[in-house]
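This report concerns only the one structure given below.
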Amino acid sequence: MTLAHNLGFPRIGVHRELKTAQEAYWRGDINVTQLTTTGKELRARHWAQQAGVGMDFLPVGDFSWYDHILDLSAMLGVVPSRFDWDGGEVNLDTYFRMARGHAPSGNPASACEMTKWFDTNYHYIVPEFEAKQNFKLSCNKLFDEVSEAQALGYRVKPIIPGPLTYLWLGKSKGSALDKLDLLDALIPVYGEILNRLRAQDIEWVQLDEPILALDLPSAWQQAFEATYNRLQNSGLKLLLTTYFGCLQDNLTLACGLPVAGLHIDAVRAADEIDTVINWLPAYKVLSLGIIDGRNIWRADLRTLLERITAIKDRLGERLWLAPSCSLLHVPVDLTHETTLDEEFKSWLAFARQKLEEIVTLKRALNEGYEAVAEYLAASARAKHSRATSNRIHNATVKQDCASIDDTWVQRDSAYQQRAAKQTAWLRLPLYPTTTIGSFPQTDSIRKSRREFKQGRISEHDYKERMRREIAYTVAKQEQLGLDVLVHGEAERNDMVEYFGEQLDGISFSRNGWVQSYGSRCVKPPIIHGDVTRPKAMTVEWIRYAQSLTDKPMKGMLTGPVTILNWSFVRDDQSRADTCLQIALALRAEVTDLEAAGIRIIQIDEAALREGLPLRKKDWSAYLNWAVRAFRISAAGVDDTTQIHTHMCYSEFNDIIEAVAAMDADVITIETSRSDMELLNAFERFAYPNEIGPGVYDIHSPNIPSVADIMTLMQKAARYIPSERLWINPDCGLKTRAWPEVETALMHMVDAARKLRHAASRPMPFPAS
Ligand code: GLN
Ligand code: ZN
């Protein structure tokens, strides 16, 4: 019999019940008992749903109050000393303080770092190792949840991130520590955990080692052998679980480790299935992650079935079926979608539907295809309707993409000549000041948007209110003395959703929430078809904003790579092709803005780095098409029009050549948090165009002083000629409040004036 199991169910609840409860608890509106009751209800509901579908093993350990890596830190007693932990059971408030810095009880302390989970938009809390890190079993949550599921009568498979992945994801603060040196202390605690689980009558334990899909140094590869040799004595069956990519040079290692089973991502590593089977010892189970846990499309069951029937012939009982990875990365349940039409819905599968697909495949293998004939027919119908729908295919877009040649990728002249032309009309002072786009999203803005969405105010009134917000923001910037103004993005709910809603080929679910971190959930757009722009998206607003001032107004767009990377994408064409279509739509917007008299246009690529593939050898292919798409979106304008871009991270040393190849006239970038660490990149590589290294950390309520800003800029001026430096915050200001924004920008403008004054050489043009 082939078994079906799950690698993790979304924990947030179909109505984001977890978020509601977490936030109520943090505010002090509910107590810990009420909070834990919600958790218990969610777990019970999710287990019941999974069992109801027909899963053979239910996951335990996938539920988390914030993040599953933080759960493991709590279980292992990896609690930095600043959280005043007494060394006993790590309680919920200590846990929340690690995640957020504060909790209803306990002293506030700075939160642990958070970072992206592999190439997903989920964020985990980075384990923080101290010089003499001890490990000690310090939290019973997993064992309690195992008992809870067993009391409900379920057969469960606990899930724990494996020891190597855990160490890999952690950081040692202060001292330079070889994390592998921690293994000796860590493995016994894993041993203890496994013993406890065996005492709970557990048969299988899933140990997640997704780092096997990364380029690993050989010391880490070797550490796998040593570690799993030591863990094999637990008497439990271990399912070594990998996902998110191919195993490549780790393949024989993964197949050979002394465990009872191996799970592979059969979607992203589909080409490796046969090799894995060849290498897998005859006693091992192979769990095939056959259904895509990273996207929302319904599977083509017939094709999959043909594939796995052949595998079943080889493996027999040793074949298990699963989603490719945890279903944490997809929304919970499609049946709650009320706004998508039936045809569209028939193309989709969220977490619950994906489990149904897995069980259907299992039943087909165990009971014969006829047993699931109805499901196969429905899958075939959906496949056909999606392949032929005119909502998906647009011949004009395909022709446009095919007609792109190199002239589309190039501006008329090189940066040097463009810069001269732009300087001539812009007449900006040395160290021009600007902002990244958004200004505070105030309660009044949110209220207007809510009222408009609920139909309580007319479109006319809504637009009128937004115009007032824009006028206010423009007036403020003039008072502050900024050089290049923005309209403030009052009318935008979100930098991707705003464009997604206006582009054809992109749709939105009503309830398709996915956890991003903690209580924060996002509803990624679904790029379902060929993308087109039915009409101008931003021109009216920007033109209005420009009409209010003589200063240059910067048009503001989200770039093609960022729209792509923050969405669920089509699986019937390459990401590169989809990105190109979005780039063409944006190119039309850019030229429309130019035609409307907007001569500075910013195209944000906040998420360019996020799209980097997990393996370094795949980076250049990605960067090539991503950079090309950006250039296509930007290159339709005259030399005199200045193109800006913005990126939200400072680690770009390793991609600086690609960033330069985007050939934006000006780039603004995050740096202030890392104290201009980015500038190290310029020791190796002379960035050719203009750059605005962020001098004001908008992620913190702290207001930078004039002196702080001057110091940062003086540092920058050592690497980049001052004629090519801009002064700006390091990201948009939408999450901040007006009073702090005003003071911070006042300091910024003041610092710019002082720097100009101090500049020894004569200024090219009079300062404003
Ligand atoms: N223009 C956007 C803003 O200012 C950029 C946001 C971002 O980089 N994440 O809000
Ligand atoms: Zn940013």
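Quick note: residue numbers are just sequence positions, from 1. Start at 1 and go down the list; that is how both ligands and their atoms are numbered.
Here the shortest heavy-atom distance to atom 8 (O) of ligand 1, taken over Gly437, Pro729, Cys648, belongs to Cys648. With Leu557, Asp730, Asp604, Thr558 as candidates, the residue nearest to atom 5 (C) of ligand 1 on a non-hydrogen basis is Asp604.
In terms of heavy atoms, Val539 sits closest to Asp592 at CG2-CB, 3.9 Å.
Per-residue contacts place Gly732 under 4.0 angstrom from the following atoms of ligand 1 (heavy atoms of the residue considered): 3 (C), 4 (O), 10 (O). Atoms of ligand 1 lying under 4.0 Å from any heavy atom of Cys731, numbered from 1 in the order shown and given with element: 7 (C), 8 (O), 9 (N). Below 4.0 Å from some heavy atom of Met556 lie the following atoms of ligand 1, by number and element: 1 (N). Near Lys734, meaning under 4.0 Å from any of its heavy atoms, are these atoms of ligand 1: 10 (O). For ligand 1, the atoms lying closer than 4.0 Å to a non-hydrogen atom of His646 are 8 (O).
Annotation: His329 is not in aromatic contact with Phe118 [ring centroid separation under 6.0 Å not met].
Here the straight-line distance linking atom NE2 of His646 with atom OG1 of Thr668 works out to 5.0 Å at 0.5 Å rounding. With values rounded to the nearest 0.5 angstrom, Lys616 atom NZ is found 5.0 Å from Asp654 atom CG.
Taking the Zn ion (ligand 2) as the corner point, the angle from His646 atom NE2 to Cys731 atom SG is about 120° (rounded to 10 degrees).
Electrostatic pairing of Asp67 and Arg11 does not count as a salt bridge here, judged by no charged N lying under 4.0 Å from a carboxylate O.
Checked against a 3.5 angstrom limit, the closest N/O atoms of Ile436 and ligand 1 fall inside it.
Under 4.0 Å from ligand 1, not a single heavy atom of Met647 appears.
Inspection of the Thr433 and Asp483 side chains reveals an N or O donor paired with an N or O acceptor under 3.5 Å.
Here the heavy atom of the protein found nearest to atom 6 (C) of ligand 1 is Met495 SD, 3.4 Å. At the top of the distance list for atom 3 (C) of ligand 1, counting protein heavy atoms only, stands Ser438 OG, 3.3 Å.
For the pairing with Asp639, the side chain to side chain donor-acceptor pair (under 3.5 Å) check across Arg411, Lys421, Arg418 returns one residue only, Lys421.
Note on ring orientation: taking the six-membered ring where Trp is involved, the planes of Trp738 and Phe439 are parallel (angle under 30°, cut-offs 30° and 60°).
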